[in-house]
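What you see is a predicted model; the values in this text were computed from it and never measured. Order of the sequence lines fixes the chain letters, A, B, ..., with proteins taken first and strands second; residue numbering starts at 1 for each chain. Values below: all heavy atoms of this structure, side chains included; hydrogens, waters and symmetry mates excluded.
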Amino acid sequence: MYQYDPHEIEPKWQAIWAEANLDAVDDKSDKPRYYALEMFPYPSGDVHMGHVRNYSIGDVISRYKRMQGFEVLHPIGWDAFGLPAENAAIKQGSTPATWTYANIEKQRASLKRMAFSYDWSRKVITSDVDYYHWGQWIFLKLWEMGLVERRSSPVNWCPDCMTVLANEQVVGDGVCWRCKSIVQRKELEQWFLKITKYAQELLDDLDQLSGWPDRVKQMQANWVGRSTGAEVDFTLCDADGEPTAEQITVFTTRPDTLFGCSFFLLAPEHPLVREFVSDTAYEAEVARVVELAASATAVERSKGEREKNGAFTGRYVINPINSEKVPIWVSDYVMMDYGTGAVMAVPSGDQRDFEFARKYGLAIPPVILATDDPLYEQLKDQRERIVGDVPWLAAYAGDGVMVQSGSFTGQPGGKDSAGAQAVIEQLEAAGKGRPTVNFRLRDWLISRQRYWGNPIPAIYCDACGIVPVPEADLPVVLPMDVDVSKGESLADRPEFYEVKCPQCGAAAHRETDTMDTFTCSSWYYLRYTDPHNDKLPFERATADNWMPVDQYIGGIEHAILHLLYSRFFTKALRDAGLLGFSEPFKNLLTQGMVKLNGETMSKSKGNVVAPEDMIARYGADALRAYILFMAPPDKDLEWSQEGLEGMYRFVNRIWRSVFDLSGEAVVDEEGNLLSVYDKSLGPDDATSRGAELNRELHRVIGKVSSDIERFNFNTAISAIMELANTVQSYIKLPHGLRDDELSTRAARTLVLLLAPFTPHVSDELWQRVLGEQDSVHLQPWPSYDPAQAIASTVELAVQLNGKIKARITVASDADEEEVRREALFAVAEAIGERDVRKVVVVPGKLVSVVV
RNA sequence: GGGAGCGUGGCGGAAUUGGCAUACGCAGUGGACUUAAAAUCCACCGCCGCAAGGAUUGUGGGUUCGAGUCCCACCGCUCCUACCA
């Protein structure tokens, strides 16, 4: 025998598999289909441990499904556009394309070295023109459908990235998701995708996603943020306090509190603010508050508690429910981009309004009272307002009874309460309000003022306005040689932006903004199904055939951004008639992070364990198995070098055991015998150890199968280790005492079960040692007989009043009566004179006796 | 402020529907082999106790013949989200 040497066998088998095209996918296969997908990498440098974990999970699933007889689509590609490439290019004086494609080559080599079973002919790179061409095509399709809009809006601007950001890309305390700079608010004209049209469906369809973690669904639901309530129209008064024909509408989730509205608020950015105060005595103070809001947001945002600032505008509105005149204030805690940018303030029912009222001395009349409130007895029948200020320390936002609320007094109040309903009905009858649903979700801002992205296919013509690039003129090719390191951008390339208007032929100007990279990653999973199509992004029949993805695997950090956008794209493309389904990812597995000493590995912290180094020491097989063994896939994993060494030892042990089982004595390099036979063992030991091994084989096949199905790779591997331990005990038998059929079956089973985890050593043992002709990876997954997995006798614990007092051994098919008798006999002494009140027999587990 | 999740040996973790807590591995201890070391093999290895035995899954209660698992309260940690009206 020769020594296990991963560096010899791993490259060898990779070459053989590539030659045999083992991982190619057959579109025409009549096998059942399975689509396993891992989130494609961003080519930011070398492959890291997070990738190794992500792709090892996907690879085990893919290989397992293939052995189970599925035709498995298991593709890979690169999410190649984006800002890091520009930043790196600036640093290195290179171009984003050079940097990106060099990294892709590096990563590709690493992924191949890990033996992930991708069909490489389906590789998709988003910065390749034959991919982004179809991204532009889809953009035009969405435009046709009315889902694209260019409009002016307050947007998030990252001063370091020099570009706008989507709402989803502003994270934490208002910082850029990528560079962590503080994001500024700017009013700019930008391109939007109208994802809000799908808000309700994006929410509703979460119910279909039974294969998604609840956590992710919850996060998406929160992000879409549906709240039910009403719009209420307040009549605006002119500068003299007289009612006008104009109205200002607010959104509220608590119409039942409308009688408690003692002031009215506008967001600082609200267009009416300037109009109200210009050339009035209020102008200076209001301007101060508006400026404070604009400049202080960044600083204030990082503090948890924010001081509320406001100023009176000098104007009033009329409350439609009681015709009361209330003052309009401007305040920085009102957001322009949620609801209508105007708020009816009810300080007794909303903590923010409460604090604001206290600060500025505004009235806080109680309108909803809990029945145990001291005020309740006094006010329960009170229609007119007699209490103008509550004695409370905080607002009361819970359920209660409406008081001081005219004819509504006495009705139940609270969110979605009967009282709220009644108020809405009265407002509606008066034409002053209506029930409404409000979403937190904003439209998706997709334009970026950056070079390295997919060009937006639009042209500005002085005569025709904004004109889409005709489909026949696609693709709009991104010049690859723009030198961002010298500050160059698309706006410096006349040959790019100087065009003729497609409609009137006049000189026009091409859009030089590019699309958010998340547009590229919102449909790549569809392209994999039909990667070489040069007529369409994908053929509908082909996509429908493979989709939806059976198992998607990736990091939790994409729980909102990428997954929400992809769901939106799928629904929009469905409505365009391009797809026949509504949800792209049937099952989702969010894998945990790989950490070192409790911290995320990162280059800046200098605590990165490089996969390449680990492969160089222990080989890809040990690394793959280790990273799956150390923790369940969805939990964070603490890196341990000793753990990896342990896995390497395990692979070595398998290697020796299979040699021994196949009849070859195991020797080391110097010819010393490593096989240790126990010469004291006789035929009886051979029988009992043989029976045990047979039982274990059946049990472990069943266990590993169900564990892989449930993604419990860690316990699947520990079950294989248990089998290996049983084998270890069996091969203590000298060869003459062994059962050849059993030995061979054990060896084959070990290798087959390990094939998805450790593909190289498995094929080496399968073909070279066990002498099989075809690759282990083309074998059917082993089957088992549950009946043979059970021992003939079983040990039961006997509990007396909940404490284990004895153990009995009975035949595993013994009937309950017999077990009961045995158990009572075993604890007879402990029972003594006491009466047996109850006996519970749990077959195969224990007997519980109560006295 | 709102939402979600998690607490089990020295460590990573296991216990699938309520049924013998600590599987499997790491680390550790002892032994065999060796001139020696490494590798390998064998054995031990949660806590208190010399032992018999006892207590034990963050803490306290509850349901149950039986609770790591279910229910209530509390403590601690993590993640998401946030002036969302």
Side-chain angles (χ1 to χ4, degrees), chain A residues 171-174 213-219 221-223 225 227 229 250-254 257 265 267 297 300-301 304-308 331-335 337-346 349-353 355-356 397 438-440 556-557 559-560 626 629-632 635-647 649-650 652-653 656 666 668-669 672-678 703 706-707 710 712 714-722 724-725 728 732 795-804 807 837-851:
Chain A
V171 298
D173 300 320
D214 290 339
R215 186 155 82 106
V216 174
K217 287 192 278 188
Q218 190 68 50
M219 281 163 70
N222 288 343
W223 190 263
S227 34
V250 299
F251 172 73
T252 178
T253 56
R254 293 293 302 275
T257 65
L265 292 165
T297 24
E300 293 291 320
R301 269 173 164 168
E305 295 265 312
R306 273 166 247 173
E307 177 75 20
K308 293 164 181 47
S331 177
D332 49 10
Y333 73 93
V334 180
M335 308 287 104
D337 54 4
Y338 182 76
T340 60
V343 170
M344 58 173 241
V346 181
D350 181 285
Q351 187 57 25
R352 294 157 301 174
D353 298 344
E355 285 165 22
F356 191 84
N438 216 312
F439 292 96
R440 208 191 74 116
I556 185 76
E557 67 273 18
I560 295 171
Y626 161 73
F629 175 66
M630 284 306 277
K635 279 185 123 188
D636 285 353
L637 179 150
E638 177 63 33
W639 180 264
S640 149
Q641 183 84 16
E642 291 78 17
L644 177 54
E645 276 168 31
M647 186 56 72
R649 283 198 294 269
F650 172 69
N652 266 284
R653 198 146 63 90
R656 291 191 303 270
V666 179
D668 68 10
E669 287 142 315
N672 302 314
L673 188 70
L674 285 178
S675 305
V676 185
Y677 304 120
D678 186 342
K703 169 82 174 151
S706 64
D707 278 355
R710 295 185 304 136
N712 289 358
N714 53 334
T715 51
I717 292 172
S718 66
I720 299 173
M721 286 172 166
E722 282 166 355
N725 291 344
Q728 186 89 35
K732 288 284 172 295
E795 194 183 71
L796 303 181
V798 184
Q799 288 183 342
L800 189 60
N801 286 351
K803 293 244 179 231
I804 293 167
R807 288 173 196 285
R837 271 204 276 157
K838 194 171 181 181
V839 180
V840 180
V841 177
V842 185
K845 301 284 185 186
L846 54 70
V847 182
S848 180
V849 181
V850 189
V851 296

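- Using a 4.0 Å heavy-atom distance criterion, Lys217(A) is classed as making no nucleic acid contact.
- Side-chain contact, Tyr338(A) with Asn438(A): no donor N or O sits under 3.5 Å from an acceptor N or O.
- The shortest distance between side-chain heavy atoms of Tyr333(A) and Val343(A) does not fall below 4.5 Å.
- G49(B) is unpaired under the criterion used here, namely a Watson-Crick or G-U wobble arrangement in which both key atom distances are under 3.5 Å.
- Taking side-chain N and O atoms only, Lys308(A) has no distance below 4.0 Å to OP1 or OP2 of C83(B).
- Using a 4.0 Å heavy-atom distance criterion, Gly225(A) is classed as making no nucleic acid contact.
- Of the residues near RNA chain B, Asp214(A) and Ala342(A), the one whose nearest nucleotide (by heavy atom distance) lies more toward the 5' end is Asp214(A).
- For C84(B), neither phosphate oxygen OP1 nor OP2 lies less than 4.0 angstrom from any side-chain nitrogen or oxygen of Asn222(A).
- At a threshold of 4.0 angstrom between heavy atoms, the contacts of Val840(A) include nucleobase atoms, whether or not backbone atoms are also involved.
- Looking at heavy atoms from C-beta onward, Tyr626(A) lies out of side-chain contact with Ile717(A) at the 4.5 angstrom threshold.
- Among the protein residues, Phe650(A) comes within range of no part of the nucleic acid, since none of its heavy atoms lies under 4.0 Å from any strand.
- Rounding to the nearest 0.5 Å gives a distance of 12.0 Å between CD1 of Ile720(A) and CG of Asn725(A).
- For Leu846(A), taking side-chain heavy atoms from C-beta onward, the closest of the listed nucleotides G13(B), G19(B), G25(B) is G19(B).
- Comparing A15(B), C24(B), A27(B) by their closest approach to the side chain of Glu642(A) singles out A27(B).
- The pairing partner recorded for G1(B) is U81(B), the criterion being a Watson-Crick or G-U wobble arrangement whose two distances lie under 3.5 angstrom.
- Spacing between atom CH2 of Trp223(A) and atom C1' of C84(B) amounts to 12 Å, rounded to whole angstrom units.
- Residue Asp350(A) has its side chain nearest to A85(B) when only U16(B), A85(B), U40(B) are considered.
- The partner of C20(B), taking Watson-Crick or G-U wobble pairs whose two distances both stay under 3.5 Å, does not exist in any strand shown.
- As judged by a 4.0 angstrom heavy-atom cut-off over every strand, Asp332(A) is placed among the base-contacting residues.
- The CD atom of Glu645(A) sits 11 Å away from the P atom of U40(B) (whole-angstrom rounding).
- Taking the O4'-C1'-N9-C4 or O4'-C1'-N1-C2 dihedral as appropriate, G9(B) has a value within 90° of 0 and is therefore syn.
- Figure legend: cation-pi geometry between Lys308(A) and Phe356(A) absent, as NZ or CZ is not positioned both under 6.0 Å from the six-membered ring centre and within 45° of its axis.
- Between Val851(A) and Val849(A) there is a side-chain heavy-atom pair separated by less than 4.5 Å.
- Whole-Å rounding puts the Ile717(A) CD1 to C26(B) C1' distance at 15 Å.
- A straight line from CD of Gln641(A) to C1' of G25(B) spans 15 Å, rounded to a whole angstrom.
- Of the listed nucleotides (C20(B), C83(B), C26(B)), C83(B) has the atom at the smallest distance from the side chain of Tyr333(A).
- Of the side-chain N and O atoms in Gln728(A), one or more sit less than 4.0 angstrom from OP1 or OP2 of C41(B).
- The shortest distance between the side-chain N/O atoms of Arg352(A) and the OP1/OP2 oxygens of C84(B) is below 4.0 Å.
- The side chain of Arg440(A) contributes an N or O atom lying less than 4.0 Å from OP1 or OP2 of A82(B).
- Among the atoms of the strands shown, only primed sugar atoms or phosphate atoms (P, OP1, OP2) are found under 4.0 Å from some heavy atom of Gln218(A).
- For Lys635(A) and G12(B), the shortest distance from a side-chain N or O to OP1 or OP2 is not below 4.0 Å.
- Counting only heavy atoms from C-beta on, Arg653(A) has its side chain closest to G25(B) among C65(B), G25(B), A85(B).
- In this structure the side chain of Val847(A) reaches within 4.5 angstrom of the side chain of Val839(A), judged on heavy atoms.
- Pair assignment for C74(B) gives G58(B), based on Watson-Crick or G-U wobble hydrogen-bonding distances that are each under 3.5 Å.
- Closest to the side chain of Ser848(A), out of C65(B), G13(B), C84(B), is C65(B).
- Between the CG atom of Asn801(A) and the P atom of G66(B) there is a distance of 8 Å, given to the nearest Å.
- Candidate nucleotides G25(B), U16(B), C20(B) were compared by shortest atom distance to the side chain of Arg710(A), and U16(B) ranks first.
- Taking side-chain N and O atoms only, Arg215(A) has no distance below 4.0 Å to OP1 or OP2 of G3(B).
- Among A85(B), A23(B), G19(B), the nucleotide with an atom closest to any side-chain atom of Glu722(A) is A23(B).
- As judged by a 4.0 angstrom heavy-atom cut-off over every strand, Val839(A) is placed among residues making no nucleic acid contact.
- Set against C20(B), C24(B), U81(B), the side chain of Ile804(A) has C20(B) as its closest nucleotide.
- Among the nucleotides C24(B), G19(B), A85(B), the one closest to the side chain of Met335(A) is A85(B).
- Distances shorter than 4.0 Å separate none of the side-chain N or O atoms of Asn438(A) from OP1 or OP2 on A85(B).
- Where Val850(A) and Gly643(A) each meet RNA chain B at their nearest nucleotide, the meeting point lying more 5' is that of Gly643(A).
- A 6.0 Å sphere centred on CZ of Arg653(A) holds more than 12 heavy atoms belonging to other residues, nucleotides or ligands.
- For C24(B), the OP1/OP2 oxygens have no side-chain nitrogen or oxygen of Arg649(A) closer than 4.0 Å.
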